[in-house]
Each structure stands twice: as structure tokens, then as C-alpha cells.
Amino acid sequence: MKVWAVSNQKGGVGKTTTVATLAGILASRGKRVLMLDLDPHGSLTSYFGGDPDLSSASIYNLFQHGPECADTLVQETGIEGLHLIHAATAMATLDRQVGASGGKGLVISQGLAQLYEQYDYALLDCPPILGVLMVNALAACEHLFIPVQTEFLALKGLERMLKTLTMVVKAKQMTLAYTILPTMFDRRTRASIKSLRSLRENYADTISPHVIPVDTQFRDASQAGKPLSMINPSARGAVAYTHILEEMIPIDDSLRQRAFAS
Ligand SMILES: Nc1ncnc2c1ncn2[C@@H]1O[C@H](COP(=O)(O)OP(=O)(O)O)[C@@H](O)[C@H]1O
Ligand SMILES: [Mg+2]
């Protein structure tokens, strides 16, 4: 199982969209994919028809009952090969609860360890807050995507996220590979062009060569409760995420099979 997390302390930058779209492409390639909604707002849960106010089986249970219960929490999404562990609004209280007891930084990785054989990929949608859930996600993942909206204020948010990352990584004495992912790029606006240029100048080593364009079909996809790639694989946004994925898994099995078949 490969574990990827998607995180940025700024909201509305495309984290949830990144998780849903990458997960959808992986599932349509025959991979077994598990998404984890770590954001108490539960956007990913709502995306796939759940309700974070009513979740009786969620990430919250992992913290209450221990990582052993992970496999009882997995929900179907209606899409083959694509499963989800819901968020619950109560997760917003975890920092207060755990703050006192401490030692809860590995709950997610231990939960995923229970599911290691059942999935090829786990994708974690992080909350926009540095707290126990984000610390868990950073400890559990082997690669981090940081979506950054290509607009004026985005760079500040990115700096904050990178500071957080450095802090957590230092405290845990670990290393973590990450990719900065420019999102919502609108080539008709100067703000987009300028901020992309400055991202590329400042973060040359870690920025993705591929950019996610503004695509209104993402909203249609979330309303339909399906990843964009499954509604319209040739939508600009879906194609862009496919490039990102191919960057991550250059010799993907399904591509290799296709090459042999032709
Ligand atoms: N590339 C994009 N183009 C247009 N709209 C987008 C794009 N990515 C995300 N959105 C929309 O922007 C809003 C916020 O995205 P979301 O993924 O929920 O951000 P976050 O999880 O970082 O808060 C959603 O309505 C989503 O459909
Ligand atoms: Mg979100």
C-alpha cells in the first residue's frame, strides 16, 4: 500500500478535489484505493454522499476505539475499487481530548497497517489546521501533495504549510518527499500567470511540472458524487491530474499492460 497525503493550511485550494480525482483515476485503472477524510468539515465525505454530522463509523472511532477497528470503518462509494473512511464533525474536538493524553500521533498509520494488504493506495485528505490529525497524516504518508491556488495570497499560505512541515518532520526525525501542486490556474489572468511564475522561481525543486487548470466541471463532478475522471476523462482538469499521477508512477502497471496489448 502506498500512502499519499494532500495538505495545505489554507482552505479552498483544491485538497479534497485532488484526493477525489487522483483516487478516481487510480480506481479506474484497477487499483484498490482507500480515501481517508481527516477534515472535520467532511467535504470528502459529503462528496461521496455521506454526512459528517451523522457519521457513526468514522476516523473519530479510530481515535476512540483504537486502530484495530479500522476495517469496520470502511464505506463503499458506489465506485468499484474506491472506498472511503468518513469524517465526523466530532473530530474537531480531538485536539482538546488528545492534547491532555498525548501519544496519539500514530493512530492513522496503525489503522492503515491493518488494511495494508487490502489496498494498493491510501489517499489522505487533511484538515487545514495543524493539529493531531495533520500530524497523523504526515507521519503516515510517504508522499505529500501541497495544492496551491495560483493567486496572489497563495504564496503566504504555502510558506506557512512548509514551515509546519519542517517543524513536524524535525520533531519526528523523519523525512518526507513532497510535491507542490499549482491549482485553479487560469491562463487568462495576470494573477495566475504571475503567481505560477513566482512559484516556479521559488520552489523549482519541488513544484510539479504539471498545473491543474480552472475547470468548472470539478463542481459538476462533486455534485454528481463521482470523480471528474469518471464523468469526463477528457475534461482538462481530469487530464491534468492524470499527468500528475503518471509523474508519480511512471511505469504504471495498467499502462504497461496496454503497451503490451497494442
Ligand atoms: N481546478 C479547479 N477548477 C475549478 N474549481 C475547482 C478546482 N479545484 C477545486 N475546485 C472547486 O473549488 C472548491 C474548493 O475546492 P476543494 O477541493 O474543496 O478545496 P479544499 O479541500 O482545499 O478546501 C470546490 O468547490 C471545488 O469544486
Ligand atoms: Mg477539503
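In listed order, ligands and their atoms are each counted from 1.
- Counting only heavy atoms, the protein gets under 4.0 Å from atom 7 (C) of ligand 1.
- The protein heavy-atom contact nearest to atom 18 (O) of ligand 1 is Thr16 CB, 3.8 Å.
- Note on Arg29 versus Glu246: salt bridge recorded, some NZ/NE/NH1/NH2 to OD/OE distance being below 4.0 Å.
- The distance criterion of under 3.5 Å between nitrogen or oxygen atoms is not met by Lys10 with respect to ligand 1.
- Proximity of Gly11 to ligand 1 is established by a heavy-atom distance of less than 4.0 Å.
- Protein heavy atom closest to atom 26 (C) of ligand 1, with residue, atom name and distance, is Thr17 OG1, 3.7 Å.
- With hydrogens left out, the protein atom closest to atom 3 (N) of ligand 1 is Asp215 N, 2.9 Å, a heavy atom.
- Residue Met134 holds its CE atom at 3.5 Å from OG of Ser7, rounded to the nearest 0.5 Å.
- Of all protein heavy atoms, the one lying nearest to atom 23 (O) of ligand 1 is Gly12 N, 2.7 Å.
- The closest approach between Gly237 and ligand 1 stays at or above 4.0 Å for every heavy atom of the residue.
- The contact set between ligand 1 and Phe218, taken as ligand atoms under 4.0 Å from a residue heavy atom, comprises 1 (N), 2 (C), 3 (N), 7 (C).
- Of the inter-residue distances, the one linking Ile207 atom CD1 with Thr179 atom OG1 reads 10.0 Å to the nearest 0.5 angstrom.
- At least one heavy atom of Val13 sits less than 4.0 Å from an atom of ligand 1.
- Checked by atom type, the side-chain pair Ser234/Asn232 shows a donor-acceptor distance below 3.5 Å.
- Looking only at heavy atoms of the protein, atom 19 (O) of ligand 1 is closest to Gly14 N, 3.0 Å.
- Less than 4.0 angstrom separates atom 15 (O) of ligand 1 from at least one non-hydrogen atom of the protein.
- At least one heavy atom of Pro213 sits under 4.0 Å from some atom of ligand 1.
- You'll find the ring centres of His210 and Tyr241 outside the 6.0 Å limit.
- Residue Thr16 counts as close to the Mg ion (ligand 2), with an N, O or S atom under 2.8 Å.
- In terms of N/O distances under 3.5 Å, ligand 1 is not approached by Ile212.
- Here atom 12 (O) of ligand 1 lies nearest to Met184 when heavy atoms of Met184, Gln223, Arg219 are compared.
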